[in-house]
Amino acid sequence: MSTNLQIGRDGRLRHLLTMEGLPRELLLRILDEAEAYAADRQREGIHGDKKRPVLHGKTVVNLFFEASTRTRTTFELAAKRLAADVVNLQVSASSTSKGETLLDTLKTIEAMQVDMFVIRHEASGAAHFFAQHAAPGVAILNAGDGRHAHPTQALLDMFTIRRHFPDFTQLRVAIVGDALHSRVARSDIHALRTLGAREIRIVAPRPLVPTGIEQLGVKVFHELEPGLDGVDVVILLRLQKERMLGAFLPSTGEFHRDFGLTRERLARLKPEVLVMHPGPINRGVEIEGDVAYGERSVILEQVAHGVAVRMAVMAMILGEAAGEGREAPKQ
Ligand code: NCD
């Protein structure tokens with residue numbers, strides 16, 4: 001899949017499709033921009049003015065062909081806080097359910113003069129397909145395509161990690177669980193590599209490790225205890241049963257016994273370790289409820305940062321100039 005589709009000739013971000021090949025400077029610029037939006041929120045407080053009208057007059061269409069809670073809501077909030085008009089197409093109630101192809105859906109909505117599509121689809125490559133066929137000036141944001149990529153999730157994960165550990169070159173990060181079906185794992189691995197993480201591990205039963213993942217510089221562990229030894233960040237993944245075609249796994253009970261993050265297991269890790277999860281969590285499977293909302297967990301920080309990161313990406317792609325519409329953050 002072509003990755004340079006997402007960067008224009010002028011070096012600006014044109015679409016956001018994947019973390020693979022996204023230049024380090026651009027990745028850091030997105031994180032810095034997001035930092036300014038997050039600082040706005042901190043300055044204004046929970047009930048303060050949330051609008052930064054950088055995208056006034058622009059139209060964003062959310063096209064979600066797969067279930068989503070956080071990603072869809074935070075994309076919608078991000079667009080609205082930038083003062084864009086937002087349309088959420090109810091895919092199950094749309095003409096795709098009558099057999100209209102993805103391309104015909106794109107062209108139909110494009111004819112209504114929209115500026116940006118946020119797309120989530122079960123097919124790997126769906127966002128690239130849209131970007132290849134979109135009219136000039138129409139931007140595509142990938143909100144998750146099959147097992148392939150989930151770039152804004154990786155950006156918000158990097159943003160969250162950086163707030164706690166600014167120097168990636170010191171970090172050991174373990175990604176635990178169903179890496180095989182996880183677009184989050186792939187995008188996180190690319191982003192962590194780009195930022196120079198010291199060590200990236202996949203910790204999972206053999207059938208849930210993607211073949212050839214070592215080629216990305218990842219160390220593979222099939223047991224939890226050695227896999228988590230000395231790590232600074234643990235990213236847990238849900239067992240994505242909807243993508244499992246056959247019997248890949250032992251039962252969820254067995255998975256929990258061997259790989260679930262419990263309070264006892266957490267207590268053996270570094271005291272400053274971060275526990276992350278893209279959500280939705282399956283309590284009692286990959287994570288105990290107590291741990292998910294315990295003091296090492298940054299799962300809800302990840303959700304909050306999702307809004308700032310998505311605002312940054314949308315503003316960088318569609319805004320006249322980065323930073324327009326909001327004050328510079330106080331240092
Ligand atoms: C993830 C996804 O959809 O890829 N969730 C998310 O976007 N926050 C992970 C998952 O579904 O398990």
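Numbering of residues begins at 1 and proceeds along the displayed sequence. Atoms considered below: every heavy atom in the structure, side chains included; atoms not considered: hydrogens, waters and symmetry mates.
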Practice prompt. Apply side chain to side chain donor-acceptor pair (under 3.5 Å) to E100 and T105, showing your working.
Written response: CA-CA 7 Å; E100 186 174 77; T105 305; 2.9 Å; yes
Hey, are [X] and [Y] close enough for a salt bridge, meaning a charged N less than 4.0 Å from a carboxylate O?
X	Y	answer
R72	E76	yes
E66	R183	yes
D178	R147	no
R268	E225	yes

To the nearest 0.5 Å, how far apart are [atom1] in [X] and [atom2] in [Y]?
X	Y	atom1	atom2	value
L195	L31	CG	CG	6.5 Å
I200	R172	CD1	CZ	12.5 Å
E35	Q42	CD	CD	8.0 Å

In terms of heavy-atom contacts, does [atom1] of [X] have more than 12 from other residues, nucleotides or ligands at under 6.0 Å?
X	atom1	result
H133	NE2	yes
E214	CD	yes
E272	CD	yes

Fill in: Positive for side-chain contact (heavy atoms from CB on, under 4.5 Å) with L236, one of I281, V285, V176, V291
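Looking at I281, V285, V176, V291, the match for L236 under the side-chain contact (heavy atoms from CB on, under 4.5 Å) is V176.
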Is there a side-chain contact between [X] and [Y], using heavy atoms and a 4.5 Å cut-off?
X	Y	result
F221	D229	no
I189	I175	yes
V118	V60	yes

Fill in: Pairs involving residues 109-131, ordered by first then second residue, that meet salt bridge (charged side-chain N to carboxylate O under 4.0 Å, His left out) (sequence neighbours left out)
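Every pair satisfying salt bridge (charged side-chain N to carboxylate O under 4.0 Å, His left out) with a residue in residues 109-131: K107-E110.
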Is it the case that the side chain of [X] and the backbone of [Y] share a donor-acceptor pair, with hydrogens and angles ignored and the cut-off at 3.5 Å?
X	Y	value
S187	H150	yes
H222	A204	yes
K219	A174	no

Practice prompt. Please collect all side chain to side chain donor-acceptor pair (under 3.5 Å) contacts where either partner lies in residues 308-319, sequence neighbours excluded, each pair once.
Written response: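 As it turns out, the side chain to side chain donor-acceptor pair (under 3.5 Å) pairs with a partner in residues 308-319, which skip direct neighbours, are T74-R310, T152-R310.
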